[in-house]
Amino acid sequence: MKAIELQHPGGIDNLRLVGRPMPEPGRQEMIIRVRATALNYRDVEIARGIYHTAFALPLVPLSDGVGEVVAVGAEVTRFKVGDRVCATFWQRWVGGSFAMAEPSYQRGGPIDGLLSEFARLDEQAAVLAPEHLSDVEAATLPCAAVTAWHALFTEGRLKPGETVLSLGTGSVSLFAVQFAAAAGAHVIVTSSSDDKLTRAKALGAHDGINYRSDPDWASAVLALTGGRGADHIIEVGGPQSFAQSLRASARGAQINVIGYLGGSEGAINPLDIFRRQVQARGIPVGSRESFEAMNRALAVNRLRPVIDKVLPWREAAGAFRHLERGSPFGKVVLDHMQ
């Protein structure tokens, strides 16, 4: 079979199309024909060699994807040939707390990802893809969507009428907008682009704040909530935005720390956490249990992921560059059927 490997660290130019042996299913394993994969910024950082963890190479990239089961091994009971499944990011985190996740079993690094024609999956590390989604749409779910769901519902226990502040219009933030709006929350989104704010409102956001024209966006959040602040914050900016996230928080708010687009350097006054009794937590994607609950909600509400760009899978390097250099609104996807 054909696969694309990252053969050396340091850049997207080190991605190479190679031949690999056709995988065989072991006990409680299955083989999928990959139909589509999707990129996350983590994949770009791994390719560039700047991810916070170094992985052994060569490595097949990409944790996110969907495929059709074409063979099953002994004792497989959860799936059958012909099923369409998404892989989970954490291969051994079925449910419960993050203590159940094993770092050595993350797909796309350190174990091989899905940027190939076929892939071998443990039956416990996959979920049925939502029937109403296309392959391109279903491929986007394992990281960004599960992260947003895990933050707001598995951990956050979001309730109707609460306020969700989603920073930026990256993939996690856009999924958070859609999920929160479907749950009856008041949704506020930030962006440096008025056009993206308009598009986010079309997805369900009630209010938008342009943080470039209004750099004191925390005060804008307080104004939009009558001084109360946001109950749930999707924090993707890192230390540079965390101080304003605290100011924008309601008492007892939950700040979900997901990214560090603004860099990893900055100062945080812990007294601000104390004064508002804020709960801040890291969100490392989520468990299979969260994935399955999210898929039920997607089906009931007929929600569809936002797609920015689709390329043939053998043009993976172009997709990596688009994500790295551009500012996509939605997911960048590779179609393995082209």
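Side chains are part of it too, since the values below use all heavy atoms of this structure and drop only hydrogens, waters and symmetry mates.
Looking only at side-chain heavy atoms (C-beta outward), His132 and Leu298 come within less than 4.5 Å of each other. Taking the side chain as every heavy atom from C-beta outward, Leu141 and Asn295 approach each other to under 4.5 Å. For the pair Leu114 and Val60, the minimum side-chain heavy-atom distance is 4.5 Å or more. The closest side-chain heavy-atom distance from Ser245 to Ile255 is below 4.5 Å. Side-chain contact check for Leu323 versus Pro328: some heavy-atom pair is nearer than 4.5 Å. Two residues are said to be in side-chain contact when any heavy atoms from C-beta on lie closer than 4.5 Å; Ile32 and Glu68 fail this criterion. The side-chain heavy atoms of Val333 and Thr37, taken from C-beta on, include no pair separated by under 4.5 Å. For the pair Asp43/Asp64, no side-chain contact is recorded, criterion being any heavy-atom separation below 4.5 Å from C-beta on.
Residues satisfying the side-chain hydrogen bond (donor to acceptor under 3.5 Å, both in side chains) criterion with Asp112, sequence neighbours excluded, are Arg20. Under the salt bridge (Lys or Arg N to Asp or Glu O under 4.0 Å) criterion, Arg16 pairs with no residue, sequence neighbours left out. Scanning for side chain to side chain contact (heavy atoms under 4.5 Å, CB included) contacts around Arg281 gives Glu155, Gln254, Asn256, Gln279, Ile283, with sequence neighbours left out. For Glu324, the side-chain hydrogen bond (donor to acceptor under 3.5 Å, both in side chains) partners at least two apart in sequence or on another chain are Arg48. Here Glu75 pairs with Arg27 under the salt bridge (Lys or Arg N to Asp or Glu O under 4.0 Å) rule; sequence neighbours left out. In terms of the side chain to side chain contact (heavy atoms under 4.5 Å, CB included) criterion, residue partners of Phe98 (sequence neighbours excluded) are, by chain and number, Trp90, Trp93, Ala101, Pro284. By the side chain to side chain contact (heavy atoms under 4.5 Å, CB included) test, Thr53 pairs with Tyr51, Phe55, sequence neighbours left out.
Asp122 and Arg78 are not joined by a salt bridge, as no carboxylate oxygen comes within less than 4.0 angstrom of a charged side-chain nitrogen. In this structure, Glu117 does not pair ionically with Arg33, as no charged nitrogen and carboxylate oxygen lie closer than 4.0 Å. Remark: Arg288 engages Glu292 in a salt bridge, criterion side-chain N to carboxylate O under 4.0 Å.
Grouping the Ile, Leu, Val, Met, Phe, Trp and Tyr side chains by contacts below 4.5 angstrom, directly or via other members, places Val66 apart from Leu334. One hydrophobic cluster, built from ILVMFWY side chains closer than 4.5 Å, cannot hold both Val306 and Ile188; they sit in different ones. In the hydrophobic clustering of ILVMFWY residues, with side-chain heavy atoms under 4.5 Å counting as a link, Val127 and Val85 come out apart. Leu224 and Val187 sit in two unconnected hydrophobic clusters of ILVMFWY residues. Membership requires side-chain heavy atoms under 4.5 Å apart, directly or through other members. Two different hydrophobic clusters hold Leu39 and Val34 under the rule that ILVMFWY side chains link at heavy-atom gaps under 4.5 Å.
With values rounded to the nearest 0.5 angstrom, Arg35 atom CZ is found 4.5 Å from Asp135 atom CG. Considering CD1 of Ile4 and CG of Leu59, their distance stands at 12.5 Å, rounded to 0.5 Å. To the nearest 0.5 Å, atoms OG (Ser249) and CZ (Arg275) are separated by 13.0 Å. Atoms CD1 and CD, on Ile233 and Gln244 in that order, are 10.5 Å from each other to the nearest 0.5 Å. Atom CD1 of Ile46 is separated from atom CG of Leu62 by 9.0 Å, given to the nearest 0.5 angstrom.
Hydrophobic side-chain contacts under 4.5 Å tie Val18 to no other Ile, Leu, Val, Met, Phe, Trp or Tyr residue. Other residues sharing a hydrophobic cluster with Met1 under the 4.5 Å side-chain heavy-atom criterion for ILVMFWY residues are Met22, Ile31, Val70, Phe118.
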Kindly determine whether Thr88 and Arg107 satisfy side chain to side chain contact (heavy atoms under 4.5 Å, CB included), including the steps that lead there. CA-CA 8 Å; Thr88 61; Arg107 190 162 288 280; over 6 Å; no

_Walk me through whether Asp335 and Leu311 qualify under side chain to side chain contact (heavy atoms under 4.5 Å, CB included)._
CA-CA 6 Å; Asp335 187 346; Leu311 290 170; over 6 Å; no

*Give the intermediate values and the outcome of side chain to side chain donor-acceptor pair (under 3.5 Å) for residues Ser63 and Gln106.*
CA-CA 8 Å; Ser63 58; Gln106 299 172 76; over 6 Å; no

Quiz item: Do Gln91 and Ile111 pass the side chain to side chain contact (heavy atoms under 4.5 Å, CB included) test, and can you show the C-alpha distance, the side-chain angles, and the key distance before you say yes or no?
Solution: CA-CA 10 Å; Gln91 297 291 281; Ile111 65 173; 3.5 Å; yes

message = Between Thr163 and Thr225, is the side chain to side chain donor-acceptor pair (under 3.5 Å) condition met? List the steps.
response = CA-CA 8 Å; Thr163 295; Thr225 57; over 6 Å; no

Test side chain to side chain donor-acceptor pair (under 3.5 Å) on Thr198 and Asp195 and set out the steps.
CA-CA 5 Å; Thr198 299; Asp195 176 65; 5.7 Å; no

- Apply the test side chain to side chain contact (heavy atoms under 4.5 Å, CB included) to residues Lys201 and Asp207: give CA-CA distance (whole Å), side-chain angles for both, the deciding distance (0.1 Å), then the verdict. CA-CA 7 Å; Lys201 289 178 182 179; Asp207 298 293; 5.6 Å; no

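Looking at Glu315, its side chain never comes within 3.5 Å of a backbone N or O of Pro312 through a donor-acceptor pair. A donor-acceptor pair is defined here as one N or O able to donate and one able to accept, closer than 3.5 Å; no such pair exists between the side chain of Asp308 and the backbone of Gly330. Remark: the backbone N or O of Thr77 is paired with a side-chain donor or acceptor of Glu123 at under 3.5 angstrom. Within the 3.5 Å criterion, the main-chain N or O of Gly184 finds no donor-acceptor partner in the side chain of Glu162. No donor-acceptor pair closer than 3.5 Å links the side chain of Glu45 to the backbone N or O of Arg42. With hydrogens and angles disregarded, a donor-acceptor distance shorter than 3.5 Å links the side chain of Ser134 to the backbone of Glu137.
For the residue pair Ser219 / Arg247, a side-chain donor-acceptor distance below 3.5 Å is found, with atom types taken as modelled.
Residue pairs that meet the ring pair (Phe, Tyr, Trp, His ring centres under 6.0 Å) test with at least one member in residues 304-338, sequence neighbours left out, are Trp313-His336. Applying the ring pair (Phe, Tyr, Trp, His ring centres under 6.0 Å) test to pairs two or more places apart or on separate chains, those with a residue in residues 184-232 are His186-His206.
In plain terms, the two heavy atoms of Pro142 and Val285 that are nearest each other are O-CG1, 3.4 Å. Nearest heavy-atom pair, Ala205 versus Val189, reported as atom, atom and distance to 0.1 Å: CB-CG1, 3.9 Å.
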Exercise answer: donor-acceptor pairs, residues 164-180 side-chain atoms, under 3.5 Å, sequence neighbours excluded:
| unit_1 | atom_1 | unit_2 | atom_2 | d |
| --- | --- | --- | --- | --- |
| Ser166 | OG | Ser173 | O | 3.0 |
| Ser173 | OG | Leu167 | O | 2.6 |
| Gln178 | NE2 | Arg304 | O | 2.9 |

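With Tyr105 as the aromatic partner, Arg92 meets the cation-pi criteria of under 6.0 angstrom to the ring centre and within 45 degrees of the ring axis.
Within 6.0 Å of CZ on Arg84 lie more than 12 heavy atoms contributed by other residues, nucleotides or ligands.
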